[in-house]
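These numbers were taken from a predicted model, which means no experiment stands behind them. Below, chains carry the letters A, B, ... as their sequence lines are ordered, and counting in each starts from 1.
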Amino acid sequence: MKSYEHKSIEKKWTKQWEKDVLYKTSDKAKGKDNYYLLVEFPYPSGNLHVGHWYAFAVPDILARFRRMQGKNVLYPIGFDAFGLPAENAAIKNKLNPRKWTLGNIEYMKKQIRSMGTSFDWSREVVTCDPAYYRWTQWLFLQFFKAGLVYRKETAVNWCPKDKTVLANEQVVDGKCERCDSEVVQKQMLQWNIKITDYAERLINDLDALDWPKEIKESQKNWIGRSEGAEIDFPLSIDSGVKRFVLLHGREATPQDNFWPWIKAELESKGYEVQIPTLPNTNEPNDKEQADYVEKHCTLDESTAIIGHSFGGIVALRLLERGHKVQRVTLVSAPVSGKFLDTKVRASVTAAAKKGFDYKKIQKAAKGFVVMYDTTDKIVPVSDAQTLAKELDCILIPGKGSEVHFTGKREPDVLMASIPTIRVFTTRPDTLFGGTFLVLAPEHPWVKLALAHKTVLKNNDEVQQYVNQASKKKEIERLAAGREKTGVELKGVKAVNPTTGKEIPVWVADFAIATFGTGALFGDAHDERDVEFATKYGIPLKETVEPLVVRTTGLDAVREGEPFAERNSVMAFVQHWSEDKYMAVKYKPVDVRGCVSGGMNEGEDAVAAGKREIAEETGYANAKLVRKLGGTIHSKYFSDNRKKNTFAHFTPMLFKLEDATQVDIAPDEKNRHEVSWLSEKEMTAFINHEDWRIAWDRLQGRPYTGKGILYDSAEFSEMTSEEAIPLTGAKFGRMTKTYKLRDWIVSRQRYWGVPIPMIHCAKCGTVPVPDKELPVKLPEVKDYLPEGSGKSPLAKAKKWVNVKCPKCKGKAERETDTLDTFVDSSWYFLRYTDPKNSKQFAASGKQESWMPVDLYSGGAEHTTMHVLYSRFWHKALFDLGLVKEPEPYTRRMNRSLILGPDGQKMSKSRGNVIDPDEVVGRLGADTVRMYLAFIGPYNEVSSFPWNPDSVVGVRRFLERVWKAQEYAGKTDNAGLENLLHKTIKKVGEDIGAMKFNTAISALMIFQNALEKEKTLGKSQWERFLQLLAPFAPHIAEELWAESGQKKSVHKTLWPEYDVSMLKSEFITVAIQINGKTRGEAEVAADADKEMVEKAAREAVASRLEGKKILRTIVVPGRLVNFVIEE
RNA sequence: GCCGGAGUGGCGGAAUGGUAUACGCGCGCGACUCAAAAUCGCGUCUCGAAAGGGAUGAGGGUUCGAGUCCCUCCUCCGGCACCA
């Protein structure tokens, strides 16, 4: 017999299968259900590593098995071909990134084919292929048209030496990876996609998915929903503003837009509001409207003006005429006469083009604020920039709730116009104890105050702090440890809306600008707040008394029984001479803490404490050190009085003056165990939450849990749970906020999908018309950054300069490219219809396969790719472009293959396993099977590659090979039983992705076969079928050797007969008191009595003279005799 | 700190609440061989001469019976991290 030569066998069958187009998948197959198995497509880095094998070859076992089960299986592959490595290689070696990438793809395809995977290559998808990215662009434009895409100033990593934007992974320890110079933050206009609009659905829809818990939890945490309230704290700076004059824009009236809302808001805060109905609003004239305002409104030094759009021009005209006012807010005021919207009429342009006497205007008001809407499609940003520069004032980018601030509510406008700080809190129940405000250094109001210069008494100090905070950003904020820093805004106080009291306002970098509203109120029930307040001597006020309900253990509250209220004391006792505390264990219910007990009628807490100390422990001379804060409420079951108790504890600290003892009643002595412990030991000793709260207070730690309110007006005596919605609604509104930020998709890179947008001076940002897609990547000479922060695409001047699709005037293309996560957010849809040139995927084709049945990939993509693609799919669903709201029915994360040393494989460690080398030596079948055998595939873990263990799998295949000598000849009835069991086990385990135990079952059969050395042809062939998904080449070879003409991979999975799974006799275990003490062989169909009888005989000697209290018989398993010890 | 996952032989790991350590590796002994490799056979948690006993990170609980369920703690891995 020939020896097992994997090389020739594998080569032969790879070729044959390709010739037979064995794995081409049609969209529908008669009588077969479709099954879509997806693995993450690789980045074409140029070389296949063991991780790729683990990712592709192991799920291939499942793909093959499902096919043998009679399913029509789609198992596709492609390449995620855009990205930074190609560009880096291009710069470094002066290559064309396309050639580099395509070359790598060719090479990797050969390697992937060597795995024996059953991929349908006819459906290959490559993201850098214009036929693919045309649809990436098209889908992006659909999002744009649906209002999901906007541009926003965002900080990017900037290397001042290379003059380029850096990706996060190119920043190492705050330095540029290439030139080692310090990376700074630079504000740039970036394309964003509104994933935050979907935050709620991305969390809620997880519930219905059959995904591993850890993946769901990760995504939930990443999205980071917090439920709470937004509350406005008015600032009591003496700005001198008593009156607001509101000037509306063109084609508007005081009843339109946000005017009614803002009027009500201002009036509710005690301001007088004047809002004239300006004349000729359709064709407005600035002079005429200014005249009208002069006649109908009061303009003096206690007046503030808010001018929106054309109203802004009117405001400027009024100041030009010499009216002196306190403050002016200019909102989206058009001052250049250039518009993004061509519909704006000549009258506005004319008014703006007259120009303004900015010098005079600047003197006419004490302060200006200029605001623009980052999503504005009418007035260009440059107008706001001009204004801010000319008036030397603060410029605030805002976000309109409707474009150009035309929504019913425009909070950003209000915020810029009146001094109010909106905070977010999850604990509005602690609002009465809010004793200070903290603003993030980037908070718009801080900018505003600094720009006014006169608002803050310590302007320079605050400015310095803000500058410093922006410089240190992520890098130093982390390195600087957790020491909190901040500066008080002097000259400003906020008013706590619950009490009307003035509280200080601070700026501190522990407040995060991008979370909630960028501002918070500090109180005594938050660890961070307390730490900060303590450091800076800010007063604190507690308003929540702890409430603990014991729900586990012997003293857990008895459901449904009434509570007896009780005033009690909790007394910690210090040793008279040592630095130790008295630890008291109340033995009946294992409560470990301190002395405690109820107060007697007319007794005060201190006296009760002293009395209890004496009664429980005998120590006679205890002296009060201090009370440990306010009452601690506790609900528990009293072992002593046998009823539910609602106790109100006064926690105290005593110190013994000496060791004097008095007699203790015997029953007290029995119940209490006293020892002396150090502070650290005491912390570990205490085992009840209420005791721990008092102990924490003793050590100066605040109470941060929920409880019962006090000193909180009508909310006093409510629980936190009751008070949260009520206080939230009364002083603000209940809302949700998320940690998730919008998705910044702009990349200043060459090797990506060009963003299909055109910038026109006249028409603004215009999408490229569908018929001009794809916008192909231009050829450029080199791939170095352009130098101004733009991507290398900006160098292709001919490509950049285009005609505006709208006005046909001069325009420029967008030069940023899309984040590669955009490419991978929909590739699985393209697999369903990869060649379609009319649509990204025809809906009929999608329906054949979507949603994906199982998606296997790396854990590192849990909160990136998987979340992005879920969002993308939901957006497509809302646009009616896909039929299902979730793309993946099941998702599973793959484990990691480590080097033989148990470390992550890396060239520098020298522990990299080269799969090509191992395949050459041992064969693809061995490598596939070893990886499947290494550990359970359905759990996330990490497995070291063991070079010895691989050989074990090879040995197994060799033994199978040798078995053909004697197998396939004479039927072996004795093995038929085991064969059926194996068929069942292997099938079930593959379905559960437990390939390791499936292989173990195959090995067990093989071991049995070697003992017997006979096996019938049908038996042998069924065994080969079981082997086929794991080791497709050798199984096919042996299958053919056995005389079969059709491929084993086209056959149906063998059936097992349930009746064959049972054997005639079974062994039952015999236990005595639950410990295994013997076994007995009984007939499989023996009834309970017979089994028990057999068992009794088997362990007769042990049962002799013992009384059997109980006998448990588990049919087919065991007998347990419970006897007297 | 918070959220998740996991702790079982020398190693990877197996075990619907029912005989813990399947399968594989490694190791030991033996067969074959002049010898080695390969291959095959036997053995391999631990204490004990044996009879027996003890072990699934530690401690407690529920149960006739716990690696598996519950509580407390410890360790490791992954994620998030001053998130109000």
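- Closest to the A/R1077 side chain, of the nucleotides B/G54, B/C82, B/C23, is B/G54.
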Show me the donor-acceptor pairs, under 3.5 Å and distance only, between side chains in residues 990-998 of chain A and residues at least two apart or in other chains.
from	atom 1	to	atom 2	distance (Å)
A/T997	OG1	A/D989	OD2	2.8
A/T997	OG1	A/K994	O	3.0

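- Look at B/A35: it lacks any Watson-Crick or wobble partner with both distances under 3.5 angstrom.
- Side-chain to base pairing of A/N1120 with B/C64: one donor and one acceptor N or O lie within less than 3.5 Å of each other.
- Which of B/C80, B/G24, B/A22 sits closest to the side chain of A/K739 comes down to B/C80.
- Considering only side-chain atoms of A/L520, the nucleotide from B/A84, B/C82, B/G5 that sits closest is B/A84.
- Between A/W945 and A/Y930, the angle of the ring planes goes over 60°, which puts this pair in the perpendicular group of the 30/60° scheme.
- Nearest heavy-atom pair across A/S218 and A/T862 is CB-CG2, 3.7 Å.
- For B/C32 and B/G26, the C1' atoms lie 23 Å apart once the distance is rounded to whole Å.
- Here the CG-OG1 distance, from A/L540 to A/T534, works out to 6.0 Å after rounding to the nearest 0.5 Å.
- Pair check for B/G30 finds B/C40; Watson-Crick or G-U wobble, both atom distances under 3.5 Å.
- Below the 3.5 angstrom threshold, one finds a donor paired with an acceptor across the side chain of A/Q1071 and the base of B/G18.
- Its glycosidic angle being more than 90° from 0, B/G28 falls on the anti side.
- Closest approach to the A/D948 side chain among B/A15, B/G26, B/G5 is made by B/G26 (side chain taken as heavy atoms from C-beta onward).
- With respect to the salt-bridge test (charged N to carboxylate O, under 4.0 angstrom), the residues A/E1010 and A/K962 do not qualify.
- The two residues A/T543 and A/T430 make their nearest non-hydrogen contact at OG1-CA, 4.0 Å.
- In this structure, B/A6 forms a base pair with B/U75, meeting either the Watson-Crick or the G-U wobble geometry with both donor-acceptor distances under 3.5 Å.
- Here B/C80 sits opposite B/G1 as a Watson-Crick or G-U wobble pair (both hydrogen-bonding atom distances under 3.5 Å).
- Taking the nucleotide of RNA chain B with the nearest heavy atom to each of A/N221 and A/A440, the more 5' of the two is matched to A/N221.
- Pairing partner, B/U56: none, since no Watson-Crick or wobble contact has both distances short of 3.5 Å.
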Protein N or O to nucleotides 39-46 of chain B N or O, pairs below 3.5 Å:
none

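- Side chains of A/F1121 and A/V1113 form no contact here, defined as non-hydrogen atoms less than 4.5 Å apart.
- Closest contact between the side chain of A/F933 and the listed nucleotides B/A15, B/G4, B/G24 involves B/G24.
- Using the Watson-Crick or G-U wobble rule with both distances under 3.5 Å, B/G18 pairs with B/C64.
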